[in-house]
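Just so you know, these numbers come straight off a predicted model, no measurement behind them.
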Amino acid sequence: SIWTAGDLKSFNQIFTIIPKYIISDDLGVNYGRFAKKTHDPCLLNIKEVMEIADLTGIGFRAMVELVLTDIEESPQYKSR
């Protein structure tokens with residue numbers, strides 16, 4: 001599995017495998033709002049990260065690392 005192989009290097013890579021609309025639907029979240037949060041992961045809260053980890057089968061700590069990778073690579077973070 002891609003999850004256990006460690007092939008994922010960022011949070012947004014998840015959505016090349018599982019479309020955002022499926023995750024947003026499973027979370028019960030508006031697609032537009034979810035898409036905005038995936039574009040700027042700083043907007044995600046811990047509960048959402050936990051739920052995404054549960055839905056995808058990715059461990060919580062691994063999911064946090066993926067989210068942190070995207071945050072650290074974002075222009076908003078780098079401009080600090």
Output side-chain donor-acceptor pairs under 3.5 Å for residues 42-51, partner residues at least two apart or in another chain, one line each.
residue, atom, partner, partner atom, Å
Asn45, OD1, Lys47, N, 3.0
Asn45, OD1, Glu48, N, 2.8
Glu48, OE1, Lys37, NZ, 3.1
Glu48, OE1, Asn45, N, 2.9
Glu48, OE2, Lys37, NZ, 2.6

So, using side chain to side chain donor-acceptor pair (under 3.5 Å) as the criterion, who are the partners of Lys9 when residues are at least two apart? none

So, Asn12 side chain and Asp70 main chain: donor-acceptor pair closer than 3.5 Å or not? no

Starting at CG of Asp25, measure out to CZ of Phe34 and round the result to the nearest 0.5 Å. 11.0 Å

Closest non-hydrogen atom pair between Phe60 and Ala53, with its separation: CA-CB, 4.0 Å

For Glu72, all residues meeting salt bridge (Lys or Arg N to Asp or Glu O under 4.0 Å), sequence neighbours excluded: none

Heavy-atom closest pair, residues Tyr31 and Lys20: CE1-CB, 3.6 Å

Measuring from Leu27:CG to Ile22:CD1, what's the distance to the nearest 0.5 Å? 12.0 Å

Rounded to the nearest 0.5 Å, what separates atom CD1 in Ile17 from atom CG in Asp7? 8.5 Å

Would you say that Phe11 contacts Thr69 through its side chain, given a criterion of any heavy-atom pair below 4.5 Å between the two side chains? no

Tyr21, OH atom: more than 12 neighbouring heavy atoms under 6.0 Å: no

Roughly how far apart are Met63 CE and Leu55 CG, rounded to 0.5 Å? 8.5 Å

Rounded to the nearest 0.5 Å, how far apart are CD1 of Ile52 and CD1 of Ile58? 9.5 Å

Contact summary for Leu66 and Ser10, nearest pair of heavy atoms: CD2-N, 3.6 Å

Gap separating the CD1 atom of Ile23 from the OG1 atom of Thr38, nearest 0.5 angstrom: 10.5 Å

